[in-house]
Amino acid sequence: MADVTLRDVARASGCSVATVSRVLAGTRPVGAETARRVREAADALGYRPNHAARALRGRRSGTVGLVLPQITNPFYPALVRELTHALHADGRAVLLADCDDDPVAEAEYVADLLSRRVDALLVIPADEDRSREAVAAAAARVPLVLMDRGCGPGVADSVAVDNTAGMALVLGHLAAAGRRRVCFLGAAGTASAAAERRGAYAAGAGALDPGAPERVALGDFSVEWGRAAVDEVWPARPDALVCANDLIAIGALQRLQQLGVAVPGEVAVTGFDDIPMAALSAPGVTTVRQPVAELAAEAAHLLTLRLSGETGGPQRSIRLAPTLVVRDSSPRSRLAGPRGAEREATRGTT
């Protein structure tokens, strides 16, 4: 069967081709009865818009490039899912690239997506410093929104969870539970989320114990590092391990179980992100939940604003409020509300 055209829909609906185009593209208001006839005719004929032709006419491809550090991190598939839904609702498709935490590969993927004429870019930078040049150059060409991580000030619009507020929730929970010999298991490097969580721990842990800010072990965001980190810090006999993400926390729990250490009796363990594995581990991991759906919606909204012509306005930086989800890897405290959730912090825009 030949492709159904606008002219076919016009003939079936008794309307002009121009009217059919306006109805299906939603570019101008059309009477309700006319719009109904056009849509019914299009549905009956099985009409599907030709996105390639529309891109040539409107100089837009209807696609958004998404570059992320590592799809194997369970936090990112959930974010990609929500982004895909949010952008699809606006009539846009997503082209995904995984740079495997390599800023060089990241720059190559960004260049490749630009060569494919994407309308905009969403980027989760692999490294705050080494990603900056390529991201800034791309932001000068198309609307670009940074997600989850940053590249320093002045690069592009950004949306992320408030990592400082999330770490404050964790430390407040542990303080209320009477934990004092806390230790931070984090990731080295200059990815902004890693640095922000590490800095927030150093700034707040002193309230529990003057020596706590110095009790830090750094590796990467992996289960393997979580297991190795326990061996590194256990001689100090901490009573709480504050992990920079859930993968580290799950690895720490595995190693503590191998050592026969009671959790949370001898040591509490907390994570960050609330990936599905955090609830499924034994015990379940107390963690900071990122508002993934809201993160995706805000990113899509920022892109829509820029694509609608607000290219010269001030850059926006949105920080979303996290939630502490208390599970069995840490003692319940008097702060824990119904179902073990504590909501603090506020959404901020600058």
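FYI, side chains are in, hydrogens and waters are out, and symmetry mates aren't considered; it's all heavy atoms of this structure. Throughout, residue positions are numbered sequentially from 1 according to the sequence presented.
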Got a sec, which residues hit side-chain hydrogen bond (donor to acceptor under 3.5 Å, both in side chains) with Glu128, two or more places apart in sequence or on another chain?
none
SG/Cys243 to CG/Asp273 distance, rounded to the nearest 0.5 angstrom?
11.5 Å
Sorted by chain and residue number, the side-chain hydrogen bond (donor to acceptor under 3.5 Å, both in side chains) partners of Arg227 (sequence neighbours excluded) come out as Gln254
Mark yes or no for whether Glu106, through its side chain, and Ser131, through its backbone, hold a donor-acceptor pair below 3.5 Å.
no
Near Arg81 CZ, under 6.0 Å, is it more than 12 heavy atoms from other residues, nucleotides or ligands?
no
Test item: side-chain donor near acceptor, Thr286 and His173, under 3.5 Å:
no
Is any side-chain heavy atom of Leu247 less than 4.5 Å from a side-chain heavy atom of Phe75?
no
Could you check whether Asp100 and Gln70, counting side-chain N and O atoms only, form a donor-acceptor pair closer than 3.5 Å?
yes
Would Val123 end up clustered with Val161 when hydrophobic side chains under 4.5 Å apart are linked, directly or stepwise?
no
Pair Arg116 + Asp112, salt bridge at N-O below 4.0 Å
yes
Salt bridge check: are Arg37 and Glu40 linked by an N-O gap of less than 4.0 Å?
no
Give, for atom OG1 of Thr323 and atom CG of Leu320, the distance between the pair rounded to the nearest 0.5 Å.
10.5 Å
Main-chain N/O of Arg181 paired to Asp239 side chain as donor or acceptor, under 3.5 Å
yes
Gap separating the CD atom of Glu266 from the CH2 atom of Trp234, nearest 0.5 angstrom:
5.5 Å
Check whether more than 12 heavy atoms from other residues, nucleotides or ligands sit under 6.0 Å from atom CD of Gln257, and answer yes or no.
yes
If you draw a 6.0 Å radius around CD in Glu214, do more than 12 non-hydrogen atoms from other residues or ligands fall strictly inside?
no
To the nearest 0.5 Å, atom CG of Asp162 lies from atom CD of Gln290 at 10.5 Å
